Amino acid sequence: MNFEAHHTDGLEACVVECWSCKGPASPRALFCSVCGAVQPPRPLDHFQRLGLMPSFDIDQGELERHYFGFQRRLHPDRFAAKSGKERLNSQQQAMALNESYETLKDPLKRAAYLLKLKGKKVDDADGATISDPMLLMEQMEAREALMEADSAEQVQAILARTESDIAYAVDDLSQAFQAGCLDGAAKLVLKMKYLLRLSDEARGRKARLMKGA
Amino acid sequence: MSDDLLFDIFEPGETPLPHADDEVAVGIDLGTTNSVVAISRSGKPEVLRDAKARTLIPSVVAYGLDGSVIVGEEARELILDRPHDVVSSIKRLMGRGIEDIKAVAGQLPFEVDGDASGMVRIKVAGRTLTPVEISADILRAVRAQAEQALGKKAPKAVITVPAYFDDAARTATKDAARLAGIEVLRLVNEPTAAALAYGLDQGAEGLYAVYDLGGGTFDVSLLRMEKGVFQVKATGGDAALGGDDIDHMIAEKFLHERSEADLNPGKVKQALMTARVAKECLTAREAGEWMLEFDGRTSRHALTRVELDAMIAPLVGRTMAICRQVLEDGGAAPSDVKGVVLVGGSTRVPAVRQAVADLFGAMPLANINPDEVVAVGAAQQAEALTVGSDTLLLDVTPLSLGLETMGGIVEKVIFRNTPIPTAMAQEFTTYQDGQTAMMIHVVQGERELVSQNRSLARFTLSGIPAMAAGAARIRVSFTVDADGLLTVSAREMTTGVESQVQVKPSYGLSEDEMANMLKDSMEHAKEDMAARLLAESKVDAKRNALAVKAALTHDGDLLSKEEWGLIDQALAKVDAACQGTDREAVLAASDALELATKPFAEKRMDRGIRKALAGVSMDNLEKRVGE
């Protein structure tokens, strides 16, 4: 086993063994070209898995078309009457597709993932301190304004502003990636995390204020 | 192998196994108030009827002291005569513990067993039964009705569950089917099944909402339908909200007006039945008067629709709040929704229809029978799973799944409205020096604190090597399959200590309890189990043989005549074994085939790798392989 792993080192990318007919198969093949058996998901990145070019600017319509197209062939519903191994492979393929789809359809997750692919680390917003003083100031002011807002209308105004800020941040992210400015993109990802949290809180506060009214 | 001869005397058509052509897969809507069964053949769905041409089977079971079981309309008619022997609305208790129902126990028309831990138990006709067993009795009757109507066996089914059912209730439903000897092809969410039926029938495209108010459960799902794809965007609901609650409100009012002091299950059941009649009457009429008669005393109770509307306004309001949340989760405004499909008998209540129309700004669609649409969709999905289909259902998990962390806080691992099947993992660490075990508590729900959510299971990962606090890395993986059922496993990453649970407990049946019930159940005797295992091993063996034949066609030139001959012999043995009924023989022949083809497989891999080494670029290889 060990020897084989060594022997094929570097070749794993070109040939893998089909679990069913035991012959050579392409690592990108979903089904074995010889026996037709569904293959387990291979280690592909999310863009490769859905047949898309790695880019922040993706066409949502194209993303969905590809996702549906792959699910049509790989979803467990297509294998309900098949053998246990085929059902398992199909389930894992569908799980991998769902994870790729969920990551790429959301601008924030897509941006963070793209940065990771390019080897750029983003500060973890969970509990980490904001190192950018400008961003820190903005967020503290916005949060204060939200705490002081005591009518649904006031909260709605903050919510609308935050949502428009999010839309601008998405535009800025697109430009940063196009310009190849990963530092800028990483800062924007962090900013978006805070904006999304703020909009969540605003929505929750609005709901509470409306219930109380 | 020597047993082969013994079994080979059966001609293929006469084997004791049920022949595939005599078997069909049906769709079952296992409802709180009524159950419905349907079939779809060549894309044409049909609701199956009983001998009296009725489609709705009341989900009511009457137990006799002699052990007899009556299900359906005949059982419903016995409610007043033998209130202590009749169970209705059992779906409300699926996957529930005694603590869950204490709050409502006063209103329930059951006597519940107070001592039982885990799953709640019902005392009826001198017996103590779990909701799983009672649901299995309903499913047996549903299956019998289908088999009678079709003249064929119906051992496989798609069964629907409320989208908002948690893991315990889903597992309980699957267990009930197992007890009734039904193989569950898939658990499908009720609003999703309804959308499938509606979409296929009406050719609907765009964003639709399904508002499903049944007897005991409320669901609302937002779906996008297009070109055969039914994608659930968001779902929400309340697993304990339905038409039953309206009946309870009316019954309480009537009993209060009567100033009834000495209440018992019989009186409650009679008041509930009268309340239901009143509710249904007020769908078409503005006002009416009803009578209650027991203990030799008759009382009259007037109710107008205006009064009823006011009474149920909080209930309707709750469903509207859930609708708004689902719209928000799905990132849609009410005006984005092209149509609202109404499902469930309780959507006949005018106040409900009006509220739906007000929220979405359009009259809801009800041009398909709200009582039957779920079963029709389930039947269509059953056909898709067994025969094949171009349509695709993409559903989501209704509730977030998480783990208890320090201080009783929930750390969510899978968020609600995540497409299923899905797998997620999260790493945790120890908080004490030298800690060697870790308690893993799995919860389901949206709240921050563990105590506010539903406990699904607890298990212990032990054998963690003693390390400093924070040094161990425990990776907990959640898997939700296409039925919406959860499996959790935990692994200590530095040593590989592993622990896996099929999430069963907190309110489920243990494997032992399940095994005992299966033993007691006539239909699901040992032979049935053996037949299923045999069928499975044959599917595997035939699949392996096909793969080898394909490889021979493709790469046969690698073999000498003798080598080819050996493989052919092994193939012939698999074929022969698959004609018989000996599972061991099938497994042995399959193993022998694998052994016989091992050198062949190695030659094929060698050639594949040589080709790659010879400088065939990946794309070229892919093209060639893809041909």
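Predicted model, so just to flag it, every value in this text is computed and none were measured. Note: hydrogens, waters and symmetry copies are ignored here, and every other heavy atom, side chains too, is used. Residue numbers begin at 1 in each chain, while the letters A, B, ... track the order of the sequences.
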Tell me, out of [options], who's got the most heavy-atom pairs with chain A below 4.5 Å.
options	value
B:Leu394, B:Thr386, B:Leu546	B:Leu394
B:Val480, B:Asp390, B:Asp555	B:Asp390
B:Lys603, B:Arg186, B:Arg324	B:Arg186

Heavy-atom neighbours of [X] [atom1] exceed 12 at 6.0 Å:
X	atom1	answer
B:Glu205	CD	yes
A:Lys120	NZ	yes
A:Lys105	NZ	yes
B:Lys156	NZ	no

Do [X] and [Y] have side-chain heavy atoms sitting under 4.5 Å apart?
X	Y	result
A:Met95	B:Thr479	yes
A:Tyr67	B:Gln231	yes
B:Glu328	A:Arg203	yes
A:Arg78	B:Leu392	yes
B:His554	A:Cys21	no
B:Thr597	A:Lys22	no
A:Pro24	B:Arg607	no
B:Asp540	A:Lys85	no

Does this structure show an ion pair linking B:Glu226 with A:Arg65, if we count only N-O contacts that are shorter than 4.0 Å?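 Here B:Glu226 does not pair with A:Arg65 in a salt bridge, since their nearest N and O are not under 4.0 Å apart.
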Distance, nearest 0.5 Å, that separates CG of B:Asp395 from CG of A:Asp77: 10.0 Å
Roughly how far apart are A:Ser20 OG and B:Asn544 CG, rounded to 0.5 Å?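 Those atoms lie 6.5 Å apart.
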Could you look at [X] and say if it's the side chain, the backbone, both or neither that has a heavy atom under 4.5 Å from chain A?
X	value
B:Thr553	neither
B:Leu385	both
B:Gln381	side chain

Do A:Asn98 side-chain atoms and B:Pro421 backbone N/O form a donor-acceptor pair below 3.5 Å? yes
B:Arg543 side-chain N/O to A:Ser83 backbone N/O, donor-acceptor pair under 3.5 Å: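 No; zero donor-acceptor contacts below 3.5 Å.
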Before you tell me yes or no, could you show the steps for A:Val15 and B:Met605 under side chain to side chain contact (heavy atoms under 4.5 Å, CB included), namely the whole-Å CA-CA distance, both residues' side-chain angles and the distance that decides it to 0.1 Å? CA-CA 8 Å; A:Val15 183; B:Met605 279 308 286; 4.1 Å; yes
Please tabulate, for the side chains in residues 51-59 of chain A, all donor-acceptor contacts under 3.5 angstrom to protein atoms that are two or more places apart in sequence or on a different chain.
unit_1, atom_1, unit_2, atom_2, d
A:Ser55, OG, A:Asp57, N, 3.0
A:Ser55, OG, A:Asp57, O, 3.4
A:Asp57, OD1, A:Ser174, OG, 2.7
A:Asp57, OD2, A:Ser174, OG, 3.3
A:Asp57, OD2, A:Gln178, NE2, 2.9
A:Asp59, OD1, A:Gly61, N, 2.9

Can you say whether [X] sits under 4.5 Å from chain B via the side chain, the backbone, both, or neither, judging by heavy atoms?
X	answer
A:Gln92	neither
A:Tyr101	side chain
A:Glu102	side chain

Leading residue by heavy atom contact count with chain B [cutoff under 4.5 Å; candidates A:Ala80, A:Cys18, A:Gly23]: A:Gly23
When every non-hydrogen atom of A:Arg72 is compared with those of B:Lys227, the smallest separation belongs to NH2-O, 2.5 Å
Yes or no on side chain to side chain contact (heavy atoms under 4.5 Å, CB included) for B:Arg604 and A:Val34, after CA distance, side-chain angles and deciding distance? CA-CA 11 Å; B:Arg604 295 176 62 213; A:Val34 174; 3.6 Å; yes
Dump the intermediate steps for side chain to side chain contact (heavy atoms under 4.5 Å, CB included) on A:Gln71 and B:Val229, then the final yes or no. CA-CA 10 Å; A:Gln71 283 287 24; B:Val229 179; over 6 Å; no
